[in-house]
Amino acid sequence: MADRFQRVFDSMTTAVDAPGTSLFDVSDETMGEALLPVLRELHRAVIYDAAFVSLSTDRGWRVLMGDAISPKVDLLTVAESLPTSLLERMLETQQPQFLAKPHSPTKQKPPLSMQAARAWVIAPIQAYGSVFGMLALCNNEPGLYEQRDADLAMAYAGQAAMALENLQLSQETGKRMQEFASLMEASQALYQAADLETILDIVLKEAFALNESQEGSIILIDPPDGDRLRIVAERGLGPEVVEKFNSRPVNRHEGTYRRALTTGEIVEVPDTASDPDFLDDVGSRARQITNVPLIAERGPIGLIAVDGLPRDETTRHLLMALAGIAAVTIDKERLHQQTVARLAEVSTLYTLSTQITSSLSTTSVLESIVSILRMTLDCRSCSIFLIDRTGEHLQLEVASGPSVAWKGIARLRLGEGVSGRVITEQRSIYIPDTQAERDFIFFDPDIRSLLVVPLLVRGEVIGTLSIDDTQPNAFDEELRLLAIAAAQAAVAIENAQLYESLQSSYAELEQAFDELRHLDKSKSELIQNISHELRTPLTFIRGYVELLQDGELGALPEEQQRAVEIVANKTDVLSRLVDDIVSMLQAGRERIRTGPVSISKVARFAVQAARASADEAGLTLIEDIPDGLPLVQGEMRRLGQVFDNLIQNAIKFSQPGGTITVRIVEQEQWIRAEVEDTGIGIAPGEMDRIFERFYQINGTTTRHFDGTGLGLAIVKQIVEAHGGQVGVHSMVGEGSTFFFTIPKTTTEQH
Ligand code: ADP
């Protein structure tokens, strides 16, 4: 028996084409299954040649399934012979009806094929207060059915309604279960998703399934702290709509998006045409739209926008649940991406700074900057323009990538072109699409995106750093990195330029120094020659002066004697000058011939030699020289000259009645000699200079001290040649103490 019903059911459902929509959202097959037991029972209770269940759809009545006593019976044909009046009556009364009297729509009534039944019983199948189907029984025997059969049919129709209602309920529960399961699965997949693209894909797919949508997108606030909305994933919209939306641009405070993002609630637009908030210029063609906000921990991050409306409250809840999981996952992934990007930035900057600080040549610094940035930012070209020497033009200095072809050609006036504007406005400029820019000056028509940042050194622009690409909207995140790189680059460029200018000043100085050294050498040679040349005639002059003074050439009258005396004095001065010059040149040029010297002995000897002139000047000359001082390594004659010069100065710059003390002190590693006087003293500003050659305090014509200004220079030269140091302590009006040290080289006592 079961087989028969099944068979009929099969043939019935396949026979029905283009089914309309019925009240029940369940497939015909499933409904057939559910009705089978009812028909089986019916078969036992009521006699019929054929029985069937029809459903009322928006296209009319449709036979869903049935049973016939003979396989030759065509249920569809039979069903068509149901008298319309009977059906109308049933719908009107919502009660079962039967056709007791013979009804003959056709003359021929072949019994077996049952093209038109003679007796009918029909009962309404009702649910939710309306008739949505009927149970029909028919027979070839006229007048077979009566009220009892109608009542029975009504009871079975009730059962059929219940079976279908149960089916619908369980179907719905099943669907919900499925939806929950798929949501769970989706959230599981979301937590495991490796990248943003996968995440967005899963979310969109799930939203489509829940809302039964055909098209839609995920729109994010991008950058996250901005106001701009951007489609980051779509299904069914197509690239043009995305392009239109993303380039409009759309703001988060616009349209239906604002409602969803500010309330945090689902926003349903049942008719986009009549909704005043709906943005009709962003390319969407949908009539109905649902916006589900994506709310992460820190607030709204975007929304899921899909066509159609949620079927019911449960779908809304499910969509919100999906959006909740999606928001957290997307936000986490974006943070992760940001962290990864920041890390990449830091490592780029690190490479950049190590590279550009490792070289001090401007060209190689510039070359490293552009090549590193081009590599890391994966752009078409990276270029540096610098302001040229005239200060009026920008010149392409280096480039990495195809833009290198414009080197030496690309030249802009300040204020002209994007780079020129960056200079005058001192700010970064981003051209997302050069073709949309009316005044854009093209060096290279392939460039679609261009990002230019200024190179600033201590607030002054020296040029620009730029990246370009053949794709529009190529840069966004790059601005930050480029700005930092520009700051580093500017400093490196400045350092390199400073270094280069230092290098060239150094070279200039070296040259100048060489010239001076050469001049100095020639001067010394000249002085040396003149001095030597002067010595011989001076000796003659001296000899003759002495002969004249001694009267060997005849007695001189008194006046002539005075004149000769002046000549003698001046000859002495001249001889001293020549001697000083010669000994200074010697001290500088000749190496000292060292040997163990008793410095005490040298000092005592010098004091002795000076005693006569000290007495003559009315000065007391004191020796303060201890016994048993160690010897020093040196040249006795030269050291004697040091004492002579210092003692002579002390005599020369002291007033009569003063005292001069020559002192020797032993120190740890030195022997220190001092010549102290109570003379005129030296002003603090002069103390350093008096050791210079030819320097004399008040060395003017008004000066009343004789001398050459070479004495102390010779002292310094000799002492330093011995590895020692000279110095002076002095107070104007109180006296001076000149000292020098000679290193001890021997422990030998004397
Ligand atoms: P000069 O031949 O003029 O003495 P020096 O080189 O010996 O040349 O000394 C340089 C200058 O230092 C002197 O002209 C003098 O002005 C100053 N000077 C040197 N020794 C003394 C001193 N003992 N007291 C004051 N001034 C001195």
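Every number for a ligand or one of its atoms is a count from 1 in the order of the listing. The analysis underlying the following values was restricted to heavy atoms, covering all of them including side chains, and did not include hydrogens, waters or symmetry mates.
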Sequence neighbours excluded, which residues qualify as ring pair (Phe, Tyr, Trp, His ring centres under 6.0 Å) partners of F475?
-> none
May I ask which of G679, G709, S654 has a heavy atom nearer to atom 8 (O) of ligand 1 than the others do?
-> G709
Could you tell me whether the side chain of D677 and the main chain of G735 form a donor-acceptor pair under 3.5 Å?
-> no
Would you mind listing every salt bridge (Lys or Arg N to Asp or Glu O under 4.0 Å) that reaches into residues 682-696, with sequence neighbours excluded?
-> R689-E692
Sub-4.5 Å side-chain heavy-atom contact between F738 and N649 = no
If only atom types and distance count, is the side chain of T741 paired as donor or acceptor with the main-chain N or O of Q725 below 3.5 Å?
-> yes
Numbering as shown, the atoms of ligand 1 that approach K652 to under 4.0 Å (heavy-atom distance) | 1 (P), 2 (O), 4 (O)
Under 4.0 Å from one or more heavy atoms of Q696, ligand 1 contributes atoms 1 (P), 2 (O), 3 (O), 14 (O)
Establish, from distance only, whether the side-chain atoms of S371 and S400 form a donor-acceptor pair under 3.5 Å.
-> no
Only one of I423, L455, T464, I462 passes side-chain contact (heavy atoms from CB on, under 4.5 Å) with I387; say which it is.
-> I423
Residue part near ligand 1, for D677, under 4.0 Å between non-hydrogen atoms | side chain
Please determine if Y695 has a nitrogen or oxygen closer than 3.5 Å to a nitrogen or oxygen of ligand 1.
-> no
State whether the shortest distance between N or O atoms of F653 and N or O atoms of ligand 1 falls below 3.5 angstrom.
-> no
Number the atoms of ligand 1 from 1 as they appear, then name those within less than 4.0 Å of a heavy atom of S736, with their elements.
-> 24 (N)
Close N or O approach (G681, ligand 1; < 3.5 Å) | no
Run the numbers for me: atoms of ligand 1, each under 4.0 Å from some heavy atom of F738, listed by number.
-> 20 (N), 21 (C), 22 (C), 23 (N)
Checking heavy atoms under 4.0 Å, the part of I682 that sits near ligand 1 is side chain
